[in-house]
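See below for the structure under consideration.
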Amino acid sequence: MDFHFSEEQLQIQAIARDIARKRIAPVAADFDKSGEFPLANIREMGQLGLMGIEVPAEYGGAGMDSIAYVLAMIEIAEADCAHSTIMSVNNTLYCNGLLKFGNEEQKHKYVTPIANGSAIGAFALTEPQSGSDATAMRCRAVKQADGSFVINGKKSWITSGPVAKYILLFAMSDPDKHARGITAFMIDTERAGFHRGKTEPKLGIRASATCEIEFTDYRVPAADVIGEEGHGFKIAMGVLDAGRIGIASQAVGLARAAYEATLVYARDRKAFGQSIGSFQMIQQKIADMKCKLDAAYWLTLRAAWAKQQGERFSTEAAVAKLTASEAAMWITHQAVQIHGGMGYSKEMPLERYFRDAKITEIYEGTSEIQRMVIARHETGLR
Ligand code: CAA
C-alpha cells in the first residue's frame, strides 16, 4: 500500500490549484450571484487538460488516471463548486462514457472537442417523472428501416444543458424490455428537433446552468448509437459509477474549503477573552470535521484506485459518494454555525458552501440510492 502520489498526479493537482486560486476563487461569488455560466474559465480549464483528465492525448485529453482526476477535482471544488460540477460532467459522465462505450470514429468526433475545452458536453438520463427510478423513462427512440432512430420526449435537470454542444442521451427503444430496452445516443444540439426548455433556478451551484431539453422527431443516424442497442441502462449505470467518484471529490473540495476557513476563524475570533477555538465545544466540532473530511478524502481515493483496477467499483463509488456528500453537508453546516453571523452573511463564502453542499446528496444518485446500492451489494438481497 502506497500513500504517495506520482509526479504526474501532483503535476495536474498543481495545475488545477493554480487556476483555482488565480482565476476561479476570485470570481466565484460573482458567478454565484449572477448565475452566469463561466465559459471563459471552462475554456481555459479545457486548454489545461482539466476537461478530459482521463482522456488519452489522441482524443484531446490529459491522458492521466482516476487518482489524478480526484486530486484536480478537489482543487477546483475548493475554489468553486459550480465550476467543478461542469468539470465533472464533461470528464466523467460525458468523456469517460464515450471513451468506454463509443467506437473509434465517435471518440474522435465527440470526445476531442469536449476534452480540449472548445465545446461543452452533457448527460441526459433524468426526466420530469423519473429520477432515482431511471428505468421508468418515457423518452422514446423508434428505430427506422435505415437503422436511424427518431426521438421524442423530455429530459430534465440537464447540467450544462443550456450551453452543451453534444449530449449523451438515454432513451427507451423497446419499452417491453424495461432496463434492457434502453439505448444510448449521441445528440448534436444543432440538429433539427432539439429544443432547450427553461433554465432551473437553483439553491446552489448557481453558475452551472441546468435546464430541461425536449426532442420532437429528432433523428439520430445509426452511426450515433453509442454501444449496443438495448445496453443503454448498463452504460448509464457504469458511467454514473465513475461520476459518483467525481461528486465525492467535489464534496471533499467543498468540505475542505469550509474546514480551512473555520480553522482560521476559530483562531482569530475572540470571545470571552480568548480565541473561540479554545472552547471545548468548538474543538469538538473541529475534531469531528477533520475526521469526516479525512474519511471522505481517503474513501474517494480508494474508489478511484478501485476503478483503475478494471473490476466493477459500484460499491466503492457509492461508499465514497455517500460519505463525502454527507460530510460536506455536515461540515459546511458546522462551519456556518462556528462563524455565527458571518457564516450567514454573503460577505463570506460559508453560506455559499452550505447551499452548494446540498446538491452533492442529490445528483448522480441520492444518498438513499447510494445506501440501496451498498446494502444490495453487502446483503446480496434486492
Ligand atoms: N454497472 C453495470 N450494470 C449495472 C449497474 C452498474 N453500476 N447497476 C445495475 N446494472 C445492471 C444490472 O446488473 C441489471 O442487469 P441485468 O438486466 O443483466 O440483470 C440492470 O442493470 C438493471 O439493474 P437493477 O435491476 O439493479 O436496476 P434498478 O431499476 O433496480 O435500478 C438503481 C438500480 C441503483 C436504483 C439505479 O436505477 C440508479 O442508480 N438510480 C439512480 C439514478 C441516478 O443516479 N440518476 C442521476 C441522474 S444524472 C445526474 O444527476 C447528472 C447531473 O446532473 C450532474
Side-chain angles (χ1 to χ4, degrees), residues 73 77 81-97 100-101 120-137 139 155-164 167-170 172 174 177-184 199-200 202 204-205 208-213 227-228 230-251 303 306-307 310-319 321-322 325 356 358-377 379-382:
M73 270 291 293
C81 202
H83 279 73
S84 69
T85 297
I86 301 161
M87 175 176 166
S88 79
V89 171
N90 274 354
N91 271 275
T92 35
L93 296 192
Y94 184 90
C95 286
N96 284 7
K100 195 162 171 198
F101 300 102
I120 309 288
F123 175 92
L125 178 70
T126 301
E127 297 186 2
Q129 79 300 325
S130 72
S132 294
D133 186 6
T135 62
M137 69 175 64
C139 185
K155 293 280 170 183
S156 55
W157 290 104
I158 308 307
T159 300
S160 299
V163 290
I167 301 179
L168 180 57
L169 171 82
F170 300 89
M172 188 59 86
D174 190 344
K177 292 188 178 160
H178 306 287
R180 293 179 181 190
I182 293 169
T183 301
T199 302
E200 297 292 344
K202 306 193 295 287
I205 55 162
S208 74
T210 312
C211 73
E212 201 167 79
I213 56 174
E228 284 177 51
H231 283 211
F233 189 69
K234 289 189 184 186
I235 294 176
M237 291 298 113
V239 168
L240 278 168
D241 283 343
R244 288 165 186 169
I245 299 176
I247 302 308
S249 315
Q250 171 177 64
K307 176 171 176 274
E311 303 291 326
R312 191 158 155 185
F313 56 95
S314 310
T315 310
E316 288 86 350
V319 168
K321 200 231 177 216
L322 177 64
S325 59
D356 285 347
K358 187 60 207 169
I359 192 61
T360 66
E361 294 184 316
I362 298 173
Y363 60 13
E364 301 202 25
T366 60
S367 294
E368 290 74 13
I369 290 293
Q370 306 312 322
R371 287 190 165 87
M372 184 197 279
V373 170
I374 297 163
R376 278 183 179 180
H377 178 266
T379 62
L381 300 170
R382 292 181 48 87

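Both ligands and their constituent atoms are indexed starting at 1 by order of listing.
Protein heavy atom at the shortest distance from atom 40 (N) of ligand 1 is S132 O, 2.9 Å. Of the protein's non-hydrogen atoms, E364 N, 2.8 Å is the one closest to atom 50 (O) of ligand 1. Here the protein heavy atom with the shortest distance to atom 17 (O) of ligand 1 is R180 NE, 2.9 Å. Of the protein's heavy atoms, R382 NH1, 3.9 Å lies nearest to atom 24 (P) of ligand 1. Residue, atom and distance of the protein heavy atom nearest to atom 33 (C) of ligand 1 are R376 NH1, 3.8 Å. Of the protein's heavy atoms, F233 CZ, 4.0 Å lies nearest to atom 31 (O) of ligand 1. In terms of protein heavy atoms, atom 36 (C) of ligand 1 is closest to M237 SD, 3.6 Å. Closest to atom 48 (S) of ligand 1, if we only count protein heavy atoms, is F123 CE2, 3.8 Å.
Residues R244 and V373 have side chains in contact (heavy-atom distance under 4.5 Å, counting atoms from C-beta outward). Residues N90 and I120 have side chains in contact (heavy-atom distance under 4.5 Å, counting atoms from C-beta outward). Side chains of T360 and I362 form no contact here, defined as non-hydrogen atoms less than 4.5 Å apart. The closest side-chain heavy-atom distance from F123 to K155 is not below 4.5 Å. Side-chain contact between M237 and L240 is present, with at least one heavy-atom pair separated by less than 4.5 Å.
Near Y363, meaning under 4.0 Å from one of its heavy atoms, ligand 1 places the atoms 50 (O), 54 (C). Of all the atoms in ligand 1, the ones that sit under 4.0 Å from a non-hydrogen atom of V89 are 54 (C). Atoms of ligand 1 found under 4.0 Å from any heavy atom of W157, numbered from 1 in the order shown, are 53 (O). Within ligand 1, counting atoms from 1 as listed, the ones closer than 4.0 Å to a heavy atom of S314 are 7 (N). For ligand 1, the atoms lying closer than 4.0 Å to a non-hydrogen atom of V373 are 34 (C).
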Legend entry - Trace of the side chain to side chain contact (heavy atoms under 4.5 Å, CB included) decision for S325 with I247: CA-CA 8 Å; S325 59; I247 302 308; 5.5 Å; no
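Looking at ligand 1, you won't find any N or O of T126 less than 3.5 Å from one of its N or O atoms. Annotation: T159 places an N or O atom under 3.5 Å from an N or O atom of ligand 1; distance criterion only. Checking only distances, L93 never comes within under 3.5 Å of ligand 1, N or O to N or O. The shortest N or O to N or O distance between D241 and ligand 1 is below 3.5 Å.
Here the closest heavy-atom approach between residue M137 and residue E127 is recorded as CB-OE2, 3.1 Å. Smallest separation of non-hydrogen atoms from M73 and S249: CB-CB, 3.6 Å. Nearest heavy atoms, Q370 versus L322: CB-CB, 3.9 Å.
A distance of 9.5 Å separates CD1 of I245 from CG of N96, quoted to the nearest 0.5 Å. Taking CE from M372 and NE2 from H377, the interatomic distance works out to 16.0 Å, rounded to the nearest 0.5 Å.
When the options H231, R312, K234 are ranked by their closest heavy atom to atom 5 (C) of ligand 1, first place goes to R312. Ranked by closest heavy atom to atom 39 (O) of ligand 1, the top entry among E127, K321, R244, M372 is R244.
Side-chain contact annotation: T159 with Y363, donor-acceptor N/O pair under 3.5 Å absent.
Inside a 4.0 Å radius of atom 52 (C) of ligand 1 there is at least one protein heavy atom.
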